[in-house]
Amino acid sequence: MKFNKIMFTLLALAGLQTIEAQENTENSLKEVIVKGFKTVNGIGHLPDSKDGIIYAGKKSEIILVDSLDANKAVNNTRQILGRIPGLNIVETESSGFTANGIATRGLNPSQSVEMNTRQNGYNISADIYGYNESYYIPPMEAVNRIELVRGAASLQFGSQFGGLVNYVTKDAPKNKPFEFITSQTIGSYGLFNSFNSVGGNYKKISYYGFLQYRNMEGYRPNSQQSQVSGFGKIQYNHSEKLNFGVEYSLLRNKIKMPGGLTDSLFYANPKASTRARNWLKSPWNIITAYANYTPSENSTLSVKSIYLFSGRSLVWRNEDGGAGATDDTDPITGTYVPREVGIEKMNNTTTEVRYSQNYSLGNQKSTFASGVRQSYAWFKRQGGGEGTTNSDFDLSIIGDWGYDLDFTTTNLAPFVENIFKVSKNFTVTPGFRFEYLRSTAKGHKEVEGDIQLTGEVRNRTFALAGLGLELKPGKNTSLYANISQAYRPIDYSQLEPFGTSSKIDPNLKDSKGFNSDIGYRGTIRNYLNFDIGAFYMAYNNRIGVTLATNPITGDYYSVRKNIANSVHQGIESYIEFNIIKYFNSQSDFGLSIFNSFSYIDAKYTTGEFKGKRVEAAAETINRIGLIFNTDKLSSTLQYNYVGDAYGDASNVMTSEDPVAGHIPSYTVWDWSASYKLNNFAIKLGANNLADKSYFTRRTDEYPGPGIIPAVGRSFYLGFTAKF
């Protein structure tokens with residue numbers, strides 16, 4: 001058999017393949033040309049099912065990190081994830097937090113609390129439900145792809161309203177016993193980043209690991225940061241059907257926090273610092289063991305088990321007095337006031353078992369997926385300790401802790417989901433998840449001079465159901481629609497005592513609601529990629545603090561309770577058009593323009609703040625990019641516009657409360673480029689080209705209190721080599 005020409009490109013994203021044939025002579029075979037069009041620059045959507053997980057009918061995105069021009073040395077989220085429509089980002093690099101939080105559809109982006117954050121398919125946040133904050137994400141230079149599933153991720157991953165974000169690290173190189181990659185980057189504000197990785201295969205063993213060191217002097221005074229990240233993975237490939245391995249992830253950092261600003265301080269000088277003695281460390285450790293078994297070509301079984309042991313230690317001039325309270329020495333004693341010390345120890349063990357089976361139903365192949373997650377987390381929070389008057393990182397305290405609390409979370413959650421392929425082009429995917437949750441809190445807290453004890457135990461069960469539909473009118477386009485219930489349990493902070501005259505409503509309920517999507521997505525040859533849709537999300541029983549009146553005395557007191565429902569609705573659109581490929585599909589050059597746009601109407605529908613916008617929810621987020629690329633050169637210019645928002649539900653423009661106040665809209669320009677020559681590459685770029693002064697967060701605690709400014713204009717230059 002003779003092929004005059006065979007061209008095949010494996011499509012990780014678009015999945016578009018065409019086969020053309022023509023007769024040459026009556027004695028010759030058909031000439032076969034297999035064409036694969038990689039129709040996007042780094043972004044696409046997940047297939048109907050992958051690795052035993054069902055994505056049919058869901059809104060999903062997948063980003064290939066290596067194909068992006070971005071400042072990966074500092075995990076610049078705006079460039080790396082900015083093409084996701086409606087993605088809101090908390091930019092806190094100026095205060096040392098480079099693991100920026102994200103959210104979609106007007107949800108709270110701080111520390112990604114509304115997201116199910118994973119690495120290689122397992123949870124990496126402190127606690128799945130009780131303390132769902134992300135202090136660690138892997139360095140982007142080590143990440144192969146990022147998978148996102150909006151809203152309707154609850155059935156297979158968890159109950160979070162924001163859905164799933166999964167950072168998939170690179171793997172061992174194929175057919176090579178050893179490979180070494182080194183990448184060195186320098187940049188503005190004292191940036192030095194060194195990333196080094198090794199990987200390879202030897203007989204049935206494959207391995208991959210990296211070590212990253214990053215040091216920054218910081219955009220503002222008192223914002224120095226040093227960090228070491230590491231990862232190691234070794235896998236034994238017993239056969240084509242069975243492999244198993246272990247992974248270990250670590251983070252060691254030391255962050256100095258310059259404090260937050262009042263509105264007047266920010267507008268006078270966004271680089272100002274109000275604190276010189278605030279420090280934070282958040283060491284992270286995750287050990288993972290896994291096994292993947294494929295008993296037949298139609299079935300898969302996987303088991304992942306993790307142990308997370310991490311923490312957060314903080315010594316700071318606390319929030320008393322707000323952002324306007326300066327940290328000065330006493331003119332009489334010549335010493336500072338004592339700082340406050342807090343130490344948190346976070347532990348959890350989680351095991352997930354997943355099974356999938358393809359089977360014939362009528363003339364079509366359907367897919368069944370099921371699994372169960374078991375998790376137990378224990379969390380110790382000590383704080384309010386009187387620290388020293390020193391300026392270094394010193395966790396010693398005088399006297400007792402102001403609060404000493406122990407929390408646990410037990411979770412058991414089985415799920416089932418099934419793709420019913422009604423016809424060749426139409427699928428129906430129902431699913432169901434059941435959750436058992438037990439939360440406990442015990443310990444004491446000193447509030448206004450009084451010692452309060454807590455002994456909370458809450459047990460509950462809840463069920464989540466969902467349904468996805470997908471119609472494929474053509475080979476490379478699809479109409480999708482889905483609805484899925486979501487749930488956010490009461491977290492640890494809502495079980496704490498918080499005031500001598502304050503109360504926690506004994507009828508406090510978990511927040512619940514649902515997500516729904518409808519959209520149209522697809523590709524046209526190798527020049528157009530699009531995903532345009534609308535969403536509606538109901539977020540009921542939001543928990544907050546409000547004032548109530550004692551019916552006997554008439555006195556006011558604060559109460560933590562379910563205060564309101566909110567509705568988030570709008571449109572999300574991503575369009576990418578390759579101008580050169582449109583006119584010449586065989587061109588070696590590419591010139592693309594993309595637009596990632598969202599309009600989000602997020603408002604309270606009940607309660608005291610009915611009609612007010614949900615805090616941190618920008619109405620319009622619009623990002624436009626221009627990409628030029630050849631085989632060796634790639635360059636991206638990106639325009640970012642994020643509309644205004646409010647710090648709290650009252651929607652006040654200004655306030656003495658460090659959280660409350662207006663968050664103005666802002667526009668930021670970023671440019672990045674890379675040039676590759678054989679096994680070497682040079683990368684360079686500039687972030688915030690116009691040196692725009694803006695902020696994305698107001699906070700009443702660390703790294704504030706007050707406004708946390710974003711970073712101004714910065715440059716970077718790097719070199720990469722592969723051996």
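Using cut-offs of 30° and 60° on the angle between ring planes, the pair Tyr694 and Tyr666 is parallel. Aromatic ring pairs are classed by plane angle as parallel below 30°, tilted from 30° to 60° and perpendicular above 60°; the pair Tyr213 and Phe192 is tilted. Ring geometry for Trp279 against Phe393 counts as perpendicular: the plane angle is over 60°, on a 0 to 90° scale with 30° as the lower cut.
With rounding to the nearest 0.5 Å, the separation of CG in Leu717 from CG in Leu684 is 6.0 Å. For the atom pair CZ of Arg83 and CG of Leu68, the computed distance is 5.5 Å after rounding to the nearest 0.5 Å. Residue Ser714 holds its OG atom at 6.5 Å from CG of Asn71, rounded to the nearest 0.5 Å. Here CG of Leu164 is found 7.0 Å from CG of Leu148. Values are rounded to the nearest 0.5 Å. Distance OG1/Thr605 to NE2/His568: 9.0 Å, rounded to 0.5 Å. Expressed to the nearest 0.5 Å, how far CG of Leu308 lies from CD1 of Ile286 amounts to 5.0 Å.
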Please step through salt bridge (Lys or Arg N to Asp or Glu O under 4.0 Å) for the pair Glu340 and Arg317, ending with a clear verdict. CA-CA 6 Å; Glu340 182 177 313; Arg317 164 66 167 85; over 6 Å; no
Can Thr388 and Tyr336 be said to form a side chain to side chain contact (heavy atoms under 4.5 Å, CB included), step by step? CA-CA 9 Å; Thr388 68; Tyr336 288 103; over 6 Å; no
Let's go through Asn116 and Asn123 carefully: what are the C-alpha distance in whole Å and the side-chain angles of both, what is the deciding distance for side-chain hydrogen bond (donor to acceptor under 3.5 Å, both in side chains) to 0.1 Å, and is it a yes or a no? CA-CA 7 Å; Asn116 188 319; Asn123 286 91; 3.1 Å; yes
Chi angles and distances behind the side chain to side chain contact (heavy atoms under 4.5 Å, CB included) call for Val659, Thr699: CA-CA 5 Å; Val659 170; Thr699 177; 5.5 Å; no
Salt bridge (Lys or Arg N to Asp or Glu O under 4.0 Å) between Arg277 and Asp327, intermediate numbers included: CA-CA 8 Å; Arg277 303 187 298 142; Asp327 188 17; 2.9 Å; yes
Can you check side-chain hydrogen bond (donor to acceptor under 3.5 Å, both in side chains) on Gln212 and Asn193, steps first, answer last? CA-CA 7 Å; Gln212 179 213 36; Asn193 185 79; 3.0 Å; yes
Checking Gln119 against Ile137 for the side chain to side chain contact (heavy atoms under 4.5 Å, CB included) test, could you report, in this order, the C-alpha distance in whole Å, the side-chain angles of both residues, the deciding distance, and whether it holds? CA-CA 8 Å; Gln119 173 183 280; Ile137 59 173; over 6 Å; no
Where do Tyr189 and Gln224 land on the side-chain hydrogen bond (donor to acceptor under 3.5 Å, both in side chains) test, with the steps shown first? CA-CA 9 Å; Tyr189 315 119; Gln224 296 91 343; over 6 Å; no
Would you sort out whether Ile707 and Ile663 count as a side chain to side chain contact (heavy atoms under 4.5 Å, CB included), showing the intermediate values? CA-CA 9 Å; Ile707 290 170; Ile663 301 175; over 6 Å; no
Apply salt bridge (Lys or Arg N to Asp or Glu O under 4.0 Å) to the pair Glu141 and Arg214, showing each step before the final yes or no. CA-CA 12 Å; Glu141 290 170 299; Arg214 181 169 63 219; over 6 Å; no
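Counted by atom type alone, Ser112 and Thr117 present zero donor-acceptor pairs between their side chains at under 3.5 Å. A donor-acceptor pair shorter than 3.5 Å can be found between the side chains of Asn622 and Asn595. When only modelled atom types and interatomic distance are considered, Asn285 and Arg252 share a side-chain donor-acceptor pair under 3.5 Å. Of the N and O atoms on the side chains of Thr667 and Asn640, not one donor lies less than 3.5 Å from an acceptor on the other residue. Ser396 and Asp394 are linked by a side-chain donor-acceptor pair at a separation below 3.5 angstrom, with hydrogens and angles left out of the test. A donor-acceptor contact closer than 3.5 angstrom is absent between the side chains of Ser226 and Asn215. Neither side chain, Ser511 nor Asn541, offers a donor N or O lying under 3.5 Å from an acceptor on the other. Between the side chains of Gln111 and Tyr131, not a single donor N or O lies within less than 3.5 Å of an accepting N or O.
Note on Arg105 versus Glu572: salt bridge recorded, some NZ/NE/NH1/NH2 to OD/OE distance being below 4.0 Å. Remark: Arg713 does not engage Asp670 in a salt bridge, criterion side-chain N to carboxylate O under 4.0 Å. For Glu386 and Arg339, the salt-bridge test fails: no basic side-chain N is under 4.0 Å from an acidic carboxylate O.
Residue Asp400 qualifies as open at atom CG: its count of foreign heavy atoms under 6.0 Å is 12 or below. Applying the 6.0 Å contact sphere to NZ of Lys683 captures more than 12 heavy atoms from other residues, nucleotides or ligands. Other residues, nucleotides and ligands place no more than 12 heavy atoms under 6.0 Å from the NZ atom of Lys345.
A donor-acceptor pair is defined here as one N or O able to donate and one able to accept, closer than 3.5 Å; no such pair exists between the side chain of Asn253 and the backbone of Lys281. Remark: side-chain polar atoms of Asp330 are paired, donor with acceptor, to backbone N or O of Ile332 under 3.5 angstrom. Side chain of Ser273 to main chain of Pro258: a donor-acceptor pair is present (N/O by atom type, distance under 3.5 Å, no hydrogens or angles). Side chain of Ser655 to backbone of Gly661: no donor-acceptor contact under 3.5 angstrom is found. Looking at Asp510, its side chain does come within 3.5 Å of a backbone N or O of Ile490 through a donor-acceptor pair. Checking side-chain atoms of Arg220 against main-chain N and O of Gly259 turns up a donor-acceptor pair under 3.5 Å. Without hydrogens or angle criteria, Asn651 side chain to Arg613 main chain gives a donor-acceptor distance under 3.5 Å. Checked by atom type and distance alone, the side chain of Ser566 never pairs as donor or acceptor with a backbone atom of Ala564 at under 3.5 Å.
Residues Glu91 and Ala710 approach most closely at OE1-CB, 3.8 Å, considering heavy atoms.
Contact check for Trp671 versus Ser635: side-chain heavy atoms found under the 4.5 Å cut-off. At a threshold of 4.5 Å between non-hydrogen side-chain atoms, the residues Met537 and Gln569 do not count as touching. For the pair Thr92/Met257, no side-chain contact is recorded, criterion being any heavy-atom separation below 4.5 Å from C-beta on. Residues Ser672 and Gln79 meet the side-chain proximity criterion, which asks for heavy atoms closer than 4.5 Å. Contact of the Leu265 side chain with the Thr274 side chain is registered, since non-hydrogen atoms from C-beta on lie closer than 4.5 Å. Using a 4.5 Å heavy-atom threshold, the side chains of Pro703 and Ile708 count as touching. Asp404 is listed as a side-chain neighbour of Gln382, based on a closest heavy-atom distance under 4.5 Å. Using a 4.5 Å heavy-atom cutoff, the side chains of Thr620 and Tyr641 are in contact.
Under a cutoff of 6.0 Å and an axis angle of 45°, Lys612 and Tyr646 do not form a cation-pi pair. Remark: Arg698 fails to qualify as a cation-pi partner of Phe695 under the 6.0 Å distance and 45° angle criteria applied to the six-membered ring.
Scored by the salt bridge (Lys or Arg N to Asp or Glu O under 4.0 Å) test, Glu344 finds Arg312, Arg381 as partners (sequence neighbours excluded).
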